[in-house]
Every structure is written in C-alpha cells, then in structure tokens.
2 protein chains.
Amino acid sequence: MIAQGSIRLLVVDDHLPFRLGMVAMLNDEPDMRVVADARDGMEAIALYRTHCPDVVLMDLRLPGMSGVETTLALREEFPTCRIIVITTFDGDEDIYRALQSGAQSYLLKDMLAEEMIGVIRSVQAGKPQIPAAVAGRLAERMRRPELTAREHEVVHLLVRGRSNKEMATHLGVSEETVKTHLKGLFVKLGVRDRTQAAIYALQHGIVHLD
Amino acid sequence: MIAQGSIRLLVVDDHLPFRLGMVAMLNDEPDMRVVADARDGMEAIALYRTHCPDVVLMDLRLPGMSGVETTLALREEFPTCRIIVITTFDGDEDIYRALQSGAQSYLLKDMLAEEMIGVIRSVQAGKPQIPAAVAGRLAERMRRPELTAREHEVVHLLVRGRSNKEMATHLGVSEETVKTHLKGLFVKLGVRDRTQAAIYALQHGIVHLD
DNA sequence: CTAAAAACCCCACGATTGGGGAAATGACAC
DNA sequence: GTGTCATTTCCCCAATCGTGGGGTTTTTAG
C-alpha cells in the first residue's frame, strides 16, 4: 500500500533530460508518482485520456501546439483537470495568459525542488499557491492597461520589423490610423518609440519571436 | 571492471530537474559516468579541480558567471579540458562565441538522446562532431561580416532603446558618428532600420536582454 | 434608447531617422 | 612607407516617425 494518497502526475516537455529529471525528482517524493510523460501537446492530451492524472506539469514552448493551446484543449475536455505550467519564460504576459487559459499555478525551471513540490501539493489540495516571484510579475501585468485587438496586431507587426506603411497595407487601413494605434501602444507600454515598444513586447512576452 | 574506458562527466546547469535528467540519461550509458554536477560557474570550476572530468556539459545561461565566461576560465586553467555547451539558445552568435571561447561542440536541449550521447563520445575521442542543425547556424554566422567594437556598443545601446542623441552622449561622440555606426550596422545585418536591427540582434544572440 | 466609453480614423507639423557621399586621424600589418 | 581598417566628423536631403489636435463609428452600460 504505497500510494494511498498518492498524487499521479503527467509531465509535458519537449526536452528529454528535463522530463527524465522531473520524473526522478518527483518519484523521489513518497506521495507522488509520474504516471506518464509527453513531448508535445497531442501526446499530452492522449496520455491524459488514458491515465487521468491528478496534476499536469506543462512546458509553454512545445513543438506543434503550444503549452497554452494544450492547456485550453485539456480544460475544455476535462474542466476539472489541474495544470501547473513550468517553464523558463518569466514574461508577465506569459504568466497571465497561462493562468487565464486555465492553469492553476506557474513555476520557473530554476526554482528549488521544495518550492516545486510544495506548489504541486497545494494544487492537488485544491488550494493553488503562486510563487512570490511569479506573483510579482503577475502584478506587473495587472498594472498594464489591456491592449486592444488592433494594438495587438500592430505590436505583432512591429516586432516583425514592419514600417507604418507596411502595417497600413497589411491591415487595410491608412498609415495615419496605424500611427494612432502606435500612439496608444506607446502610452500603455510606457515607452516613447517603436524600438522601445518592440523590445518591451519581447521582454514581457506580449509577442514571441518565431 | 566496469569503467575501463569510462567517460567521466561534469554537468553544469542551474535547473535542478535538468541536472537530474542528464545524470539519469548519461549514467544509463555503460561507458559514461557523471562524477559531479554544478549549478553555477564558480561551483563548476571548483568541481573540475577536484574531479578532473573528461568532458564538461555546460549550459550558457547561469547565475553569476555565464557559460562562456566559465568556459574561458576553465580553458585558461586547464587548456586541454573538453567542454560541450548544451543550451536552448540557438542564435548563431551564441554558437560562434561558445566555440570561440573553447567549447568543442554545441548541443540543443531538445535534441535526441542518441545525438547527445554520440557527440559526447566523439568529443572524448578527440574528434568533436557538430550537429548538422548547429553547423547550419554557424554557417549563417560566418556569412555575416564582423562587427567593430563601436558597432557592438551601438547595437547594445540600441537594444536598450536609446536614441541617437542618447547614444552620442553615452559614447562621448557626436550624433553624426552614431549615425555612421548605425549605417554600417544596418548594412552588415542586412536590415533597413533600427527596430529591425534590434530584433535581429536579439534573434541571433548578438545582444541578450538583461 | 440613449449616453458614455471605447475603438477607430484622419490632418498637419516638427523631430528623428536613414541614405548618399566625403574626408581626416590613428593604429597596425606588410 | 604604403595600404588597410576603424573611428570620427561633417554635409545635404529625403523619408519616416512621433505628437498635437480633431473627428467618426462601434460597443457597452444603464
């Protein structure tokens, strides 16, 4: 009778050494057991169906479906499933979107084992904890005004290095309109020009390269 | 007589799960043994001194000393030491600098176990192999003209979002001079404006955020 | 339904930036 | 010394960009 209150886990990450390490680290805890591991979103969903784990540990950058897309799909099919994102991305927007899409908590890969273990137990217990470092970033995100749909399109094109004229053509609007959206963007991001806006967007995870 | 031709390894990475996973994966090979693991550069150097491993597996992003700095320090003290960088960074400049600083090969964390194992054996045998994906990026780097010291300073300030005037003040030169350096930068990077240059520099690892 | 808010659109002006070229200095290699 | 290269300064000029303001449409809340 090992696994009476045992927490059954699914690890999703495309790095083999990381998956192996998580398995080793978690199986070392007496009340935890990794029942499966997946290298991408499709595999994660399939394995969730067959194993019905208690908690999923999900990376954000995955080949094919992203971690956020996989989280949304899992929460759609299994509304009660518990997902903890674990990643190196520490942009406030990454954190916000992960929690928004249904994740219960958010861990960074350089955290201590005890912290990770503690968060997993808290999520399993239905009282999810958010590490202080992550909560701080989330607070940053909350202080930033919401971008409009157009502003998101504009900042996306900006990080692709497009000029105002190119954005205008691409969006089917006038160049003056693009400039208006950029103005709003600069104010909301607290920057003064397009270069700072592009860097800010990358740094905070509002837009990703590739 | 297990370890006759056994390869003794040191793993350097700040992510605990990754270190554990590498240890598990490599110790699974009959001819390999992880003799120590470090979470930062200082620890890596200390452990190298006491264990004299055959090959070091080194991450690039470490707290304190970077992977490149640690590699330089190790190669200085132990000119024959063999180092393989293993990281998620795939910018051509990251690869170039790692090999430049004395690393024998370069692996990406999402590669297959067989590929990693094969590269470690080849490095141990004194005939280092570079994975095709990495070699391709390196070729990209070779097609790009070398930046001058000033151009590096300028692109660094550019990624910090500074204006021409601010760069001029910061560098103690005229604004016209800054523009000249920017012109050279645009030509060498194959871009047309500062925003594209900043993005290019980040994407290719010429400058890193933080 | 109406009023307010938000999003979207446009013009005009000054500031900043980018593109062409030219040239002087110093360091360094041949 | 000669030649190459990095660094620096300057010019002119055109294009792009950022900021002021004003205006219209769409959404949302009551």
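Atom set for the values below is all heavy atoms of this structure, side chains included, hydrogens, waters and symmetry mates excluded. Letters A, B, ... mirror the listed sequences (proteins, then strands); counts begin at 1. What you are looking at is a predicted structure, and each value in this text was computed from that prediction instead of being measured.
- The interatomic distance linking E153(B) (CD) with dA6(D) (C1') rounds to 12 Å, in whole Å.
- A salt bridge links E153(B) with R150(B): at least one charged nitrogen is closer than 4.0 Å to a carboxylate oxygen.
- Atom CE of M42(B) is surrounded by 12 or fewer heavy atoms from other residues, nucleotides or ligands within 6.0 Å.
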Go along nucleotides 23-30 of chain C 5' to 3' and tag each nucleotide: B for a protein heavy atom under 4.0 Å from its base, S when only backbone or sugar atoms are that close, - otherwise. --------
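- The side-chain hydrogen bond (donor to acceptor under 3.5 Å, both in side chains) search around D110(B) returns none, not counting sequence neighbours.
- Taking a cutoff of 4.0 Å between a charged side-chain nitrogen and a carboxylate oxygen, E93(A) and R97(A) qualify as a salt bridge.
- Residues forming a side-chain hydrogen bond (donor to acceptor under 3.5 Å, both in side chains) with T180(B) (at least two apart in sequence, or on another chain): none.
- L147(B) places its CG atom 15 Å from the C1' atom of dT7(D), with the value rounded to the nearest Å.
- Within the structure, side chain to side chain donor-acceptor pair (under 3.5 Å) pairs that include any residue of residues 119-132 of chain B comprise E29(B)-R121(B), D31(B)-R121(B) (at least two apart or interchain).
- For CZ of R141(B), the number of neighbouring non-hydrogen atoms (other residues, nucleotides, ligands) closer than 6.0 Å is greater than 12.
- With sequence neighbours excluded, no residue forms a side-chain hydrogen bond (donor to acceptor under 3.5 Å, both in side chains) with R137(A).
- To the nearest 0.5 Å, atom CD1 of residue I95(B) and atom CD of residue Q100(B) are 13.5 Å apart.
- Between the side chain of R8(B) and the backbone N or O of H51(B) there is at least one donor-acceptor pair closer than 3.5 Å.
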Which atom pairs, one a donor and one an acceptor, fall under 3.5 Å between side chains of residues 55-68 of chain A and the rest of the protein, sequence neighbours left out?
residue : atom : partner : partner atom : Å
D59(A)  : OD1  : T87(A)  : OG1          : 3.4
S66(A)  : OG   : V68(A)  : N            : 3.4
S66(A)  : OG   : E69(A)  : N            : 3.1

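- With axes fitted over five pairs at each extremity, the angle between the ends of the helix from dC1(C)-dG30(D) to dC30(C)-dG1(D) is 50° (10° resolution).
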Between the protein and nucleotides 10-12 of chain D, list the N/O to N/O atom pairs that are separated by less than 3.5 angstrom.
none

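- Here dC9(C) is the nucleotide among dG18(D), dG18(C), dC9(C) with the atom lying nearest to any side-chain atom of R150(A).
- Rounded to a whole Å, the CG atom of L182(A) is 15 Å from the P atom of dT16(D).
- The side chain to side chain contact (heavy atoms under 4.5 Å, CB included) test with L9(A) singles out one residue from V35(A), I120(A), V23(A), and that residue is I120(A).
- Annotation: the span from H208(B) atom NE2 to L202(B) atom CG amounts to 8.0 Å, rounded to 0.5 Å.
- Note: CD (E175(A)) to C1' (dC10(C)) measures 12 Å, nearest angstrom.
- The stretch residues 157-173 of chain A touches DNA chain D through S163(A), N164(A), K165(A), each having a heavy atom within less than 4.0 Å of the strand.
- A salt bridge (charged side-chain N to carboxylate O under 4.0 Å, His left out) with R19(A) holds for exactly one of D13(A), D40(A), D37(A); it is D37(A).
- Using a 4.0 Å heavy-atom cutoff across all strands shown, A149(B) reaches sugar-phosphate atoms only and no base atom.
- Residues satisfying the side-chain hydrogen bond (donor to acceptor under 3.5 Å, both in side chains) criterion with Y200(A), sequence neighbours excluded, are R144(A).
- Identified under the salt bridge (Lys or Arg N to Asp or Glu O under 4.0 Å) test for residues 43-54 of chain A, with sequence neighbours left out: R49(A)-E77(A).
- The stretch residues 188-206 of chain A does not touch DNA chain C, since none of its heavy atoms comes less than 4.0 Å from the strand.
- Rounded to whole Å, atom C1' of dA6(D) lies 9 Å from atom CD of E151(B).
- The phosphate of dC9(C) (OP1 or OP2) has a side-chain N or O of H181(A) nearer than 4.0 angstrom.
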